[in-house]
Visitor: 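First the structure, which I've put down as structure tokens, then a few questions once you've had a look.
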Protein chains: 2
Amino acid sequence: MTRVSKKERHKKLMHALNGDPFLTDGDLANRCNVSIQTIRLDRMELGIPELRERIKHMAEEKFDSVRSLAPEEVYGEVIDLQLDHSGTSIIEIMEDHVFERNQIARGHYLFAQANSLAVAIVNSDLALTKSADIRFIRPVKLGEKCLAHAHVVAKKGQHIQINIETKVMDETVFHGVFDVYCLEEDVLSK
Amino acid sequence: MTRVSKKERHKKLMHALNGDPFLTDGDLANRCNVSIQTIRLDRMELGIPELRERIKHMAEEKFDSVRSLAPEEVYGEVIDLQLDHSGTSIIEIMEDHVFERNQIARGHYLFAQANSLAVAIVNSDLALTKSADIRFIRPVKLGEKCLAHAHVVAKKGQHIQINIETKVMDETVFHGVFDVYCLEEDVLSK
DNA sequence: TACTTATTTAGTACCTAGTACTAATAGTTA
DNA sequence: TAACTATTAGTACTAGGTACTAAATAAGTA
């Protein structure tokens, strides 16, 4: 006289955990009116890890995504850098960088790459972006690798003008002119 | 003969957990060369919850952010939004956002806030930043809260021009003019 | 130097949310 | 009725803690 079939319970279980992954085996047992052991056998069959593992997994994902948005001093991997002259960096567009709907990279990631590179090029402890004029030439899609190349075009006192062009393969996807303000220490002490 | 002072150990602890929140008390005890009890007293004093609670908290945040899809798309907390008209969002400058040396926020975080807001305002599934002209008016420091206010100034066909001004208290710190390209579905089907 | 306080360590009982296992019972079916 | 599946019960054990008591070890101060 099995009240509800195993299959049905399994469905219910999956659904319940989808709605609230923080349910313990005890909670699930109550919901399904079965013993805790039954729930554990069910999880085994369905390959559902225990509560603590589920939670840990979610936390790790969260942690990783925080990482990708708040990285080190430079956003992107610098592969070449001539201080006060030029530089190149790479980023690969990952899941976290794109709009869900259309898989297109959010513009500020491309900007972050360019901005980081511009500031990194300036040979100073106190370099800040003053202004920028940027253009997104074509959308960048998930999985594409963006190569940003920067070079200093002018240097007038504390203002340094840097041109940045970002390419995917041979196609230009982003272009920017950055005006970086450089407050050198010896200037400060004068 | 306390090898390392309590204060120093507390700092080390905070830093370690910031870098890796998945460390158990045992791990921390090893790193600091103290007993597990000392670590637990330290956590008490510093108000740091146990590993499982930390993990759970992160998982809950992740879960919440997955639930509400819209805010995930936006960098910053949107506190007001009138589609196709105006919007406001807030970000607080945290440790991760600043240069270590001078505690000044990296420009691309301010840009990310503005860019997200600009795209969010446009009432379309397919809104992409086409170009932007931005100015960093004064440096923003650690702990400051940035209020970005955006409003649509022009709409010509698929191009929408949005002005954004970001303030800390009453001071303008950032200004930008964004040109967002909006590919509406009915336009597509024509 | 002796007293006092702060800091650190040790150890116990208990908790949750499990795993891994054995054994028994209930219900169904050939 | 025997065989099988599904379910339940119960035990031993685990990690990573809490909450507590007690003791040992500095360190500061009168």
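Letters A, B, ... are given to chains in the order of the sequence lines, protein chains preceding strands, and every chain is numbered from 1.
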Visitor: Can A/D179 and A/K130 be counted as an ion pair, charged N to O under 4.0 angstrom?
Guide: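 No salt bridge links A/D179 with A/K130.
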Visitor: Does A/I55 have any side-chain contact (heavy atoms from CB on, under 4.5 Å) partners at least two apart in sequence or in another chain, and if so, which?
Guide: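 Result, side-chain contact (heavy atoms from CB on, under 4.5 Å) vs A/I55: A/F22, A/L51, B/I55, B/K56, B/A59.
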Visitor: Given the rule that a pair is Watson-Crick or G-U wobble with both distances under 3.5 Å, how would you write DNA chain D in dot-bracket, using | for pairs to a different strand?
Guide: ||||||||||||||||||||||||||||||
Visitor: Is any side-chain N of the basic residue among B/R138 and B/E144 closer than 4.0 Å to the acidic one's carboxylate O?
Guide: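 B/E144 and B/R138: salt-bridged.
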Visitor: May I ask you to say what A/I36 touches in the nucleic acid, namely base, sugar-phosphate or nothing, with a heavy-atom cut-off under 4.0 Å?
Guide: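 No contact.
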Visitor: Using whole Å, report how far CD1 of A/I39 lies from C1' of D/dT7.
Guide: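 These atoms are roughly 11 Å apart.
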Visitor: For B/K6 and C/dT9, give me the distance from atom NZ to atom C1', rounded to whole Å.
Guide: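 Distance, rounded to whole Å: 14 Å.
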Visitor: Rounded to whole Å, please give me the gap between CG in A/D42 and P in C/dT19.
Guide: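 Result: 12 Å.
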Visitor: More 5' along DNA chain C: A/L23 or B/V34, using each one's nearest nucleotide?
Guide: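 By nearest-heavy-atom nucleotide position, the 5'-most residue is B/V34.
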Visitor: Between protein and nucleic acid, restricted to nucleotides 18-22 of chain D and to nitrogen or oxygen atoms under 3.5 Å apart, what atom pairs and distances do you find?
Guide:
| residue | atom | partner | partner atom | Å |
| --- | --- | --- | --- | --- |
| D/dT18 | OP1 | B/R43 | NH1 | 3.2 |
| D/dT18 | OP1 | B/R43 | NH2 | 3.4 |
| D/dT18 | OP2 | B/R43 | NH2 | 3.0 |

Visitor: In whole Å, what is the span from the CG atom of B/L51 to the C1' atom of C/dG18?
Guide: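 Roughly 15 Å, once rounded to whole Å.
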Visitor: Whole Å only: how far is the CD atom of A/E53 from the P atom of C/dG18?
Guide: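 One finds 10 Å between P of C/dG18 and CD of A/E53, rounded.
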Visitor: Just compare C/dA17, D/dA15, C/dT9 and give me whichever is closest to any side-chain atom of B/S35.
Guide: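 So the nucleotide nearest the side chain must be C/dT9.
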Visitor: Distance check needed: C/dT16 C1' versus A/K56 NZ, whole Å only.
Guide: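 Checked: the NZ to C1' distance equals 17 Å.
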Visitor: Looking only at N and O atoms, is any donor in the side chain of B/R52 or the base of D/dG16 less than 3.5 Å from an acceptor on the other one?
Guide: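 Answer yes: a donor N or O sits under 3.5 Å from an acceptor.
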Visitor: Walk me through it: do B/H85 and B/V152 pass the test side chain to side chain contact (heavy atoms under 4.5 Å, CB included)?
Guide: CA-CA 5 Å; B/H85 182 261; B/V152 174; 5.5 Å; no
Visitor: Set out, in order, the CA-CA distance, both residues' side-chain angles and the distance that settles side chain to side chain contact (heavy atoms under 4.5 Å, CB included) for A/L17 and A/L28, then state yes or no.
Guide: CA-CA 9 Å; A/L17 285 177; A/L28 294 166; 4.1 Å; yes
Visitor: Would you say D/dT7 has OP1 or OP2 under 4.0 Å from some side-chain N or O of A/T38?
Guide: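 So the side chain of A/T38 is outside the cut-off, no N or O lying under 4.0 Å from OP1 or OP2 of D/dT7.
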Visitor: Whole angstroms only, please: what is the CD-P distance between A/E8 and D/dA6?
Guide: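 In whole Å, D/dA6 P and A/E8 CD are 14 Å from each other.
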Visitor: From the set D/dA15, C/dT8, D/dT7, return the single nucleotide nearest to any side-chain atom of B/R9.
Guide: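 Selected nucleotide (nearest to the side chain): C/dT8.
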Visitor: Whole angstroms only, please: what is the CG-P distance between A/L41 and C/dT19?
Guide: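 From A/L41 CG to C/dT19 P: 10 Å.
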